[in-house]
Amino acid sequence: MNDLLRHFRSKQLETETEKVFDTQCPFCSVQCKMQLIEQRNGERKRYKVVPMPNPASEGRLCIKGRNAYQHAVTKERVKQPLLNVNGAFVPVSWSEALQIIKEKFTAIQQEDGYNALGVYGGGSLTNEEAYLLGKFARVALQTKYIDYNGRFCMSAAASAANQAFGIDRGLTNQLSEILQARCIILAGTNIAECQPTLMPYFTKARENGAFIIVIDPRETTTAKLADLHLKIKPGTDAALANGMLKVLLDEGLVEQKFIQERTNGYEELKQHLASIRLDQIEEITGITVEQIRKAAVTYGAAQTGMVFTARGVEQQTDGYMTVRNFINLSLITGKIGRIGCGYGAITGQGNGQGGREHGQKADQLPGYRSIENPEHRAYIAKLWGINEQDLPGKGVSAYEMMEKIYQKEITGLFVMGSNPVVSNPNANFVEEGLQKLKFLVVVDMFISETGRMADLILPCSSYLEDEGTMTNLEGRVILRKAGRTPPGEAKHDWEILCDIAQALGKERFFSYSSAEEIFNELRMASRGGTADYYGITYNRLTQEEGVYWPCPSPDHPGEARLFEHSFAHADGRAKIIPVENQHVKEQITEEFPLYLTTGRVLTQYLTGVQTRRSHTLAASHFESFLEIHPKTAKKYRIENESLVKLESERGSVTVRSKLTPDIREDTVFVPMHWGDMQSVNKVTHQALDPYCKMPGFKVCAVKIKPLVDLQLE
């Protein structure tokens, strides 16, 4: 019997192989570490995911992370270049694809000028690839038009932090300090579904005695944790912050010494708040005076406290000013720059932080340098080996690029790591514009909604295959290992950029052999800049499990907590400003009587290009839906789980109803992960924040009707 068993096991070992890949989740800004174990028995493969210890998530993984490998190993991957021939995609060789790009890009720029080419990036690219994409646009293509989908993620908070503090980093302190905060404000953030591995920080803080305030028009899973849920009318968050600031001043809950020594602008704020009446704030926001007082007094009286904002308050046409007002709360109470005190913007995308620091934004050069600053331009031009006058100037924001495409000012577009047909507001307009392009190149793992419109699709590697660094929501730079071989002829994004540059005759600027080589150039490009990575190396990242920026030298530990002694403005002081109550571009009317707000669900990510290819995640949410209050549903004759037409002045979508008392009666909610007839951005408003060009995704006026009524008409 034992001989038979040994024989069976030896035969089993002959056919079974096991590979272990160290990696990290490709999705949200926590960037949880894990191992993927690939077991093969003949033609059959099985996969096992093992969470790994790391400082941010402490070894936790959510359902998205556990199932991320499914999209990377699916047969739906694009594995070779695809050329659109009369509406059908035909495989071509890389040499053919590169020759086509060379011919088309050259012809467009000869006919329409250098700036007729646009580059559209993504917040999930590695730091190396985000850096190289910016260099590619400005050196290989010599165009000023580059921006990325992170414009829709962090631009309001980034602009606000830069202006208030002099530096933009997601969190001003470490995640671990959440446990030491005695009052926590979560404004427009549903962490339980968007960054679920962070939730234990907040549950433990509550167990330690923290009072948690959640500001959201919906009673989300996060809001259910709250001691106080402020069910706010969409788009009125700035007014609510004014009400809280008013109470803090009236109750003497301000830190005068901190204000006098470390801030500017307090007197102007004080004068502004003198004209504010709490009953007016109640009328604007739908939050009672008693609740406003309770929130303000609790936060003001707490010895330590933290304020977090996310897309709920940032994706508004006054998102920049709204975030400034929530930062005002931290500044006038002195709750920043010390343990358990700070401000944090909960980044959405995996590398939303690093992606904007090194050159994907229209107005930025690597290291958070300004493209309009002569000294900054000269530094980067010298590093890149070009003349400063050849470095293009400032372009426009992501949605404004779509407007220029529609107007035929941009006639060729290169898209990498993004799906603008689904992610942009006023999506019908965007789709119409892309149809006018002379040439559209999309780099992706899959044929996305944008990819379907492409003239050429280039296959890229997944997170399991593409090594590089990511910067998480804390500002901690992390090295993502990747040992799996890309399928078919798929290449890394950085390799694709180098190949195209070579085809265009710019190979001397793009002769890299590894991601680490690109990172070392990035280090030099960021040196002395606001986002200084110079002291960070691959070796340090491996040894130390990540390093915070700024890190100006190899022996610098990295700054885990910012602003302990000084802010980043020249005078060392933070800037307080007065903020008006409301700047909503679109109000409800008799024809469009409901507010629409958008957001995410636990099992999906961004426009769903990756998560909808995961059979486990797709099974959890296989279609979009519309959350509506039962009383509102009754008024419009809408039954639970029935098809509903949702319409604005810009377009309409069809989604299935979900009745819930957890949402305001004047508001409906639709997630943003689906395309085509379920793409909610066919409805959303195109108005932009004047400061940061963030679209107002979170507020637009809509009407609803049961689909059965429409079929009877």
Side-chain angles (χ1 to χ4, degrees), residues 16-54 56-79 122-126 129 193-197 348-351 417 419 443-448 459-470 472 478-493 515 600-622 673:
E16 284 192 357
T17 60
E18 182 174 284
K19 295 181 180 179
V20 179
F21 302 103
D22 291 320
T23 186
Q24 63 199 52
C25 179
F27 298 131
C28 86
S29 57
V30 183
Q31 288 296 289
C32 306
K33 292 283 189 180
M34 58 186 169
Q35 282 185 338
L36 177 68
I37 301 172
E38 180 182 276
Q39 297 170 328
R40 183 166 187 159
N41 188 341
E43 294 301 314
R44 295 180 59 191
K45 287 184 180 180
R46 294 184 303 171
Y47 297 92
K48 180 181 179 182
V49 175
V50 180
M52 298 299 290
N54 64 90
S57 68
E58 301 174 320
R60 295 181 287 271
L61 278 179
C62 76
I63 187 172
K64 285 195 289 289
R66 287 184 180 278
N67 293 284
Y69 73 90
Q70 291 177 0
H71 81 255
V73 303
T74 180
K75 294 180 180 179
E76 291 186 59
R77 289 278 298 271
V78 178
K79 298 178 182 177
S124 294
L125 301 179
T126 64
E129 287 157 347
E193 296 196 68
C194 299
Q195 295 86 15
T197 57
Q349 296 191 73
N351 200 30
N419 188 16
V443 182
D444 209 325
M445 291 182 283
F446 304 102
I447 302 179
S448 66
C460 64
S461 55
S462 77
Y463 77 103
L464 290 174
E465 303 137 13
D466 188 21
E467 182 177 79
T469 60
M470 311 285 278
N472 79 349
I478 305 165
L479 177 60
R480 183 180 74 194
K481 297 288 187 180
R484 200 167 186 269
T485 302
E489 298 175 26
K491 295 187 177 187
H492 304 317
D493 290 322
R600 303 184 183 190
V601 298
L602 174 62
T603 58
Q604 295 296 317
Y605 177 71
L606 299 185
T607 63
V609 173
Q610 295 171 36
T611 47
R612 284 187 275 125
R613 266 81 179 180
S614 163
H615 58 268
T616 301
L617 299 177
S620 298
H621 279 99
F622 59 88
H673 310 292

Does this structure show an ion pair linking E465 with R77, if we count only N-O contacts that are shorter than 4.0 Å? yes
Indicate whether any N or O donor in one side chain lies under 3.5 Å from an N or O acceptor in the other, for S124 and Y605. yes
Would you kindly say whether Q35 and T23 are connected by a side-chain donor-acceptor distance under 3.5 Å? no
Checking E489 against K79 for the side-chain contact (heavy atoms from CB on, under 4.5 Å) test, could you report, in this order, the C-alpha distance in whole Å, the side-chain angles of both residues, the deciding distance, and whether it holds? CA-CA 5 Å; E489 298 175 26; K79 298 178 182 177; over 6 Å; no
Any idea which heavy atoms bring A490 and P486 closest together, and the distance? O-CB, 3.5 Å
Check whether any side-chain heavy atom of I63 lies under 4.5 Å from a side-chain heavy atom of L617, and answer yes or no. yes
Main-chain N/O of I447 paired to D444 side chain as donor or acceptor, under 3.5 Å: no
Starting from the C-alpha separation in whole Å, work towards a yes-or-no answer on side-chain contact (heavy atoms from CB on, under 4.5 Å) for L464 and L36. CA-CA 9 Å; L464 290 174; L36 177 68; 3.6 Å; yes
Given T611, which partner from the list Q604, Q70, H71 fulfils the side chain to side chain donor-acceptor pair (under 3.5 Å) test? Q604
Are E18 and R40 within salt-bridge range, i.e. N to O under 4.0 Å? no
Determine, stepwise, if the pair K48 / E38 fulfils salt bridge (charged side-chain N to carboxylate O under 4.0 Å, His left out). CA-CA 7 Å; K48 180 181 179 182; E38 180 182 276; over 6 Å; no
Donor-acceptor pair, R600 side chain versus C194 backbone, under 3.5 Å? no
